[in-house]
Peer 1: 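Take a look at the following structure, please.
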Amino acid sequence: MRAIVLVSESSIGLAHKISQAIDAVIYSQKELDGCTVIKTYARFIKENWSSLEQIVFIGAMGICVRSIAPCVKDKYKDPAVVCVDSTGRFVIPVLSGHIGGANDLARQIAQVIDGQAVVTTQSDNTGLWALDTLAARFGWKTDLSRARMNRAIALFVERHPVALLLEVRDNGTDYLESTLPEHVKVFSKYDDIDLSQFELLITVGPHIFDAPIPVLSYYPQVLHIGFGCRRQCRPDGIAEHIENCLKENGLSPLAIASIGTIELKKDEPLLADLQSRWSWAGTQIWTASDLEGIDVPNPSEKAFEVTGVYGVAEGAALRSGNDGVLLIEKQKGQLSEGNDFTFAVAMDGLKMRGGFIEIVGAGPGDPELVSVRGKRMLERADLILYAGSLVPKELTYYAKPGAVVRSSADMDLEQQFALMKDFYDRGLFVVRLHTGDPCIYGAIQEQMAFFDKYGMRYHITPGISSFQAAAAALRSQFTIPEKVQSIILTRGGGRTPMPEKEQLHKLAQSQSTMCIYLSAAIVEQVQEELLQAYPPQTPVAACYKLTWKEEKIYRGQLKDLARIVRDNNLTLTTLLVVGDAIDNRQGLSRLYAHEFKHLYRK
């Protein structure tokens, strides 16, 4: 619940503007349009303190402070409180700047009302990480007491030397590495850290560390529990037994990501008990066919007779863990007569550090159109392998000092694989940089097949495709209300034949906006097929090197498409666009119609 406490009645317009932006109810001591009347500010705050998530005062700071002062107890539980002066010039976080989100709320409101957020938190103003919000921000967990957290924060913001141990790789660790303060040094192995050189150790991973200096540990959910059991196994004490085993192996139960088992065991009381114990963890139920073929270190003939697989616990852990590695092999247990169970623990393969490949979409050409994530990946890569004939070299300038940058233009597929695998096997980070969006005519399927074959971990960062760049360059919306609501991305039949049902003349029957890739060399064939469905006067555009410095766009009619392409010597990197949506200004969307109501406009 969010509340706006309007102290200054002259600011009613400001209150409504903020209310719309943050979906809050406006309260006032006077009867004003759109406001709920309250008797006193202090009484309203006292009665609703525990149910409010965010409170925005509009008026004098003194009234705000006196109203909330008797209720303030705990920064981990108190709501976010922000005070906006009556003119809307300043937006000031008053309480729970980090934990409650008052700093972010102040920035959000300042953007809406064109004011200035006045944030006084040291870490915000120095550009340092807010250590007490990282867990919530990235979905990690921590068991640090408040006193120890405050001690860690003090050491960190005062720039004492800090060792950062990263055992996993996820969005949070990517952020930490890309925003690393000068007084923080990164390590991937605990044994590599000379703790005498540091005053604080921050860890991100599943392990528990006991060090001679203060330790702040974040536990991302990367451990996958697989289990099997006798039918109707009594669960009493089993969850505690598994937790103790984790701790004995230096692993935190807070890092549990999922509980997995075979379909035959989905209704067992033990599963329900584990779900209750680790309520944040997901549940993975696998069929026998899902688990067969998984190479488990401790196969069991008995398990095979009952379930059809040789290892339920290890198989479920590995399958749930995205083919990671077993940190705890199958453990057998029996806490009471006849209640046998097994469990195993696997590390999530997608979050393990070491060799990794990021397939990045470079966008259509302009280096500024690469995504923020794509730029960050380029900045941390040890190898950038880019499609030299299609991707501007300027994008490789984001490479860090010492990174290897290679064009794949003169390399065959085997040579590309060999180079990437060499870096991968050395535990290094590889960026394979493709033009546009790599999933649209990016030829990444065969690369992914190679990565899958050799168990190499990879991820895809999407990019802006040339059809989107074409719409922007043509200043055209590729859909027309009530006339054209589909966009077809396709290509003509060249060296790679088109499937019979996807031939251009058949797709053209829909009269959709059609974006045709890789087809300038066969433009006569393209024009001939399109004319079987589109009128000769249909608008067309031949777009060459969209967003590059050499960009050229030629408009015309379909009957002249082949001539336009040939007369201007357009070949590679040319996108052909066909349809009435080009340069159209007719038709009105109902999205912004006055009578059209939705969640944000009532």
Peer 1: Just verifying a value: how many Å separate Asp104 CG and Gln54 CD, rounded to the nearest 0.5 Å?
Peer 2: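 The distance works out to 9.5 Å.
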
Peer 1: Sub-3.5 Å donor-acceptor pair from the side chain of Glu314 to the main-chain atoms of Lys330, do we have one?
Peer 2: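 Side chain of Glu314 to backbone of Lys330: a pair is present.
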
Peer 1: I would like to know whether Leu433 and Leu385 meet side-chain contact (heavy atoms from CB on, under 4.5 Å); could you show each step before the answer?
Peer 2: CA-CA 6 Å; Leu433 188 60; Leu385 182 62; over 6 Å; no

Peer 1: Hey, what do you get for OH (Tyr310) to CD1 (Ile294), rounding to the nearest 0.5 Å?
Peer 2: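 That separation rounds to 14.5 Å.
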
Peer 1: Before you tell me yes or no, could you show the steps for Asp74 and Arg146 under salt bridge (Lys or Arg N to Asp or Glu O under 4.0 Å), namely the whole-Å CA-CA distance, both residues' side-chain angles and the distance that decides it to 0.1 Å?
Peer 2: CA-CA 10 Å; Asp74 187 336; Arg146 295 174 190 176; 2.2 Å; yes

Peer 1: For the atom pair CH2 (Trp140) and OH (Tyr218), what is the distance rounded to the nearest 0.5 Å?
Peer 2: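 Going from CH2 on Trp140 over to OH on Tyr218, the span is 7.5 Å.
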
Peer 1: Would a distance-only check, ignoring hydrogens and angles, find a side-chain to backbone donor-acceptor pair under 3.5 Å from Asp437 to Gly463?
Peer 2: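 Looks like yes, one N/O pair under 3.5 Å.
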
Peer 1: How would you list, by chain and number, every residue that makes a ring pair (Phe, Tyr, Trp, His ring centres under 6.0 Å) with Phe198, sequence neighbours excluded?
Peer 2: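 For Phe198 the ring pair (Phe, Tyr, Trp, His ring centres under 6.0 Å) partners, ignoring immediate neighbours, are Phe187.
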
Peer 1: What is the minimum heavy-atom distance between Ser96 and Pro79, and which atoms define it?
Peer 2: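 What the structure gives for the nearest pair is OG-O, 3.4 Å.
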
Peer 1: Is the distance from the ring center of Phe44 to that of Tyr27 below 6.0 Å?
Peer 2: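 Distance test on ring centres: under 6.0 Å, yes.
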
Peer 1: Any side-chain to backbone donor/acceptor pair from Asp78 onto Lys73? Under 3.5 Å, distance only.
Peer 2: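 Yes.
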
Peer 1: Check whether any side-chain N or O of His183 sits under 3.5 Å from a backbone N or O of Phe156 as a donor-acceptor pair, and report yes or no.
Peer 2: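 Such a contact is found between His183 side chain and Phe156 backbone.
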
Peer 1: Do Asp170 and Phe138 have side-chain heavy atoms sitting under 4.5 Å apart?
Peer 2: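 A side-chain contact under 4.5 Å is absent here.
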
Peer 1: Can you tell whether the side chains of Arg426 and Asp422 come within less than 4.0 Å, N to carboxylate O?
Peer 2: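 Here Arg426 pairs with Asp422 in a salt bridge, since their nearest N and O are under 4.0 Å apart.
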
Peer 1: Is Glu292 reaching over with its side chain to a backbone N or O of Gly308, donor-acceptor style, under 3.5 angstrom?
Peer 2: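 No; zero donor-acceptor contacts below 3.5 Å.
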
Peer 1: With a 6.0 Å cut-off (strictly less than), is the heavy-atom count around CZ of Arg234, excluding the residue itself, greater than 12?
Peer 2: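 For Arg234, atom CZ is not crowded (no more than 12 foreign heavy atoms under 6.0 Å).
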
Peer 1: Measuring from Ile259:CD1 to Ile225:CD1, what's the distance to the nearest 0.5 Å?
Peer 2: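 Rounded to the nearest 0.5 Å, the CD1-CD1 separation comes out at 8.0 Å.
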
Peer 1: Glu167 versus Lys351: any side-chain heavy-atom pair under 4.5 Å?
Peer 2: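 A side-chain contact under 4.5 Å is absent here.
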
Peer 1: Would you mind reporting whether Met377 and Asp174 have side-chain heavy atoms less than 4.5 Å apart?
Peer 2: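 Yes, close enough: below the 4.5 Å cut-off.
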
Peer 1: Could you tell me whether a side-chain N or O of Arg457 sits under 3.5 Å from a main-chain N or O of Ile357, the two making a donor and an acceptor?
Peer 2: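 Not confirmed, Arg457 side chain does not pair with Ile357 backbone.
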
Peer 1: Find the distance between OG (Ser252) and NZ (Lys141) and round it off to the nearest 0.5 Å.
Peer 2: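 Nearest 0.5 Å value for the OG-NZ distance: 10.0 Å.
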
Peer 1: With no hydrogens and no angle check, do the side chains of Glu379 and Ser178 hold a donor and an acceptor under 3.5 Å apart?
Peer 2: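 On atom types as modelled, these side chains do not qualify, holding no pair under 3.5 Å.
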
Peer 1: What do you reckon, is CZ of Arg353 surrounded by more than 12 foreign heavy atoms closer than 6.0 Å?
Peer 2: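 Correct, the count exceeds 12.
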
Peer 1: Please confirm whether the backbone N or O of Asp290 pairs with a side-chain atom of Thr287, one donor and one acceptor, at under 3.5 Å?
Peer 2: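 Flag set: sc Thr287 to bb Asp290 pair under 3.5 Å.
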
Peer 1: Rounded to the nearest 0.5 Å, what separates atom OG1 in Thr120 from atom CG in Asn103?
Peer 2: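 So the gap between those two atoms works out to 7.5 Å.
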
Peer 1: Scan side-chain atoms only and decide if Thr179 and Trp129 contain a donor-acceptor pair under the 3.5 Å cut-off.
Peer 2: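 Yes, a side-chain donor-acceptor pair sits under 3.5 Å.
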
Peer 1: Compare every heavy atom of Leu201 with every heavy atom of Ala211, then report the nearest pair and how far apart it is.
Peer 2: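 Closest heavy-atom pair between Ala211 and Leu201: CB-CD2, 4.3 Å.
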
Peer 1: Give the intermediate values and the outcome of salt bridge (Lys or Arg N to Asp or Glu O under 4.0 Å) for residues Glu182 and Arg159.
Peer 2: CA-CA 9 Å; Glu182 291 183 357; Arg159 299 182 182 274; over 6 Å; no

Peer 1: Could you check whether Arg277 pairs with Glu243 (Lys NZ or Arg NE/NH1/NH2 to Asp/Glu carboxylate O, under 4.0 Å)?
Peer 2: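 Yes.
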
Peer 1: Can you tell me if Asn48 uses its side chain to pair, donor with acceptor, with the backbone of Ser51 under 3.5 Å?
Peer 2: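 Flag not set: sc Asn48 to bb Ser51 has no pair under 3.5 Å.
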
Peer 1: Is there a donor-acceptor contact under 3.5 Å from the side chain of Gln284 to the main chain of Gly282?
Peer 2: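 Absent.
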
Peer 1: Can you sort out the partners of Tyr76 under ring pair (Phe, Tyr, Trp, His ring centres under 6.0 Å), two or more places apart, ordered by chain and number?
Peer 2: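 Per chain and number, Tyr76 pairs via ring pair (Phe, Tyr, Trp, His ring centres under 6.0 Å) with no residue.
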
Peer 1: Would you say the side chains of Trp286 and Ser320 form a donor-acceptor pair under 3.5 Å?
Peer 2: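 Indeed, the side chains of Trp286 and Ser320 share at least one donor-acceptor pair under 3.5 Å.
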
Peer 1: Is any side-chain heavy atom of Pro206 closer than 4.5 Å to a side-chain heavy atom of Met347?
Peer 2: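 Touching, per the 4.5 Å side-chain cut-off.
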
Peer 1: Taking C-beta and beyond as the side chain, do Ile242 and Trp278 meet within less than 4.5 Å on heavy atoms?
Peer 2: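 Yes, close enough: below the 4.5 Å cut-off.
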
Peer 1: Does Asp192, at its CG atom, have more than 12 non-hydrogen atoms belonging to other residues, nucleotides or ligands within less than 6.0 Å?
Peer 2: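 Counting neighbours around CG of Asp192, more than 12 heavy atoms of other residues, nucleotides or ligands fall under 6.0 Å, so yes.
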
Peer 1: Without hydrogens or angle criteria, can the side chains of Gln416 and Arg406 be said to hold a donor-acceptor pair below 3.5 Å?
Peer 2: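 Absent: no donor and acceptor within the cut-off.
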
Peer 1: Taking the side chain as C-beta and beyond, is there a heavy-atom pair between Arg373 and Glu358 under 4.5 Å?
Peer 2: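 Heavy-atom side-chain distance check passes, below 4.5 Å.
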
Peer 1: Under 4.5 Å between any side-chain heavy atoms of Leu413 and Phe450, yes or no?
Peer 2: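 They are not in contact (no side-chain heavy atoms under 4.5 Å apart), so the answer is no.
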
Peer 1: Check whether more than 12 heavy atoms from other residues, nucleotides or ligands sit under 6.0 Å from atom CD of Glu414, and answer yes or no.
Peer 2: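 Atom CD in Glu414 is packed in, count exceeds 12.
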
Peer 1: Given the ring of Tyr458, does Arg432 sit roughly above its face, with NZ or CZ under 6.0 Å from the centre of the six-membered ring and within 45° of the axis?
Peer 2: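 No - Arg432 does not lie over the ring of Tyr458 by the 6.0 Å and 45° rule.
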
Peer 1: Begin from the C-alpha positions of Tyr190 and Phe209 and carry the test ring pair (Phe, Tyr, Trp, His ring centres under 6.0 Å) through to its verdict.
Peer 2: CA-CA 9 Å; Tyr190 181 76; Phe209 294 98; 4.8 Å; yes

Peer 1: Would you say the side-chain atoms of Ser279 pair up with the backbone N or O of Ser276, donor to acceptor, closer than 3.5 Å?
Peer 2: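 Flag not set: sc Ser279 to bb Ser276 has no pair under 3.5 Å.
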
Peer 1: Please confirm whether His434 and Tyr386 have ring centers closer than 6.0 angstrom.
Peer 2: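 Not close enough - the centres of the two rings lie 6.0 Å or further apart.
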
Peer 1: Side chains of Leu216 and Leu131: closer than 4.5 Å at any heavy-atom pair?
Peer 2: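 A side-chain contact exists here, since the closest heavy-atom pair is under 4.5 Å.
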
Peer 1: Kindly check if the number of other-residue, nucleotide or ligand heavy atoms within 6.0 Å of NZ (Lys266) is above 12?
Peer 2: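 Open: at most 12 neighbouring heavy atoms sit under 6.0 Å from NZ of Lys266.
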
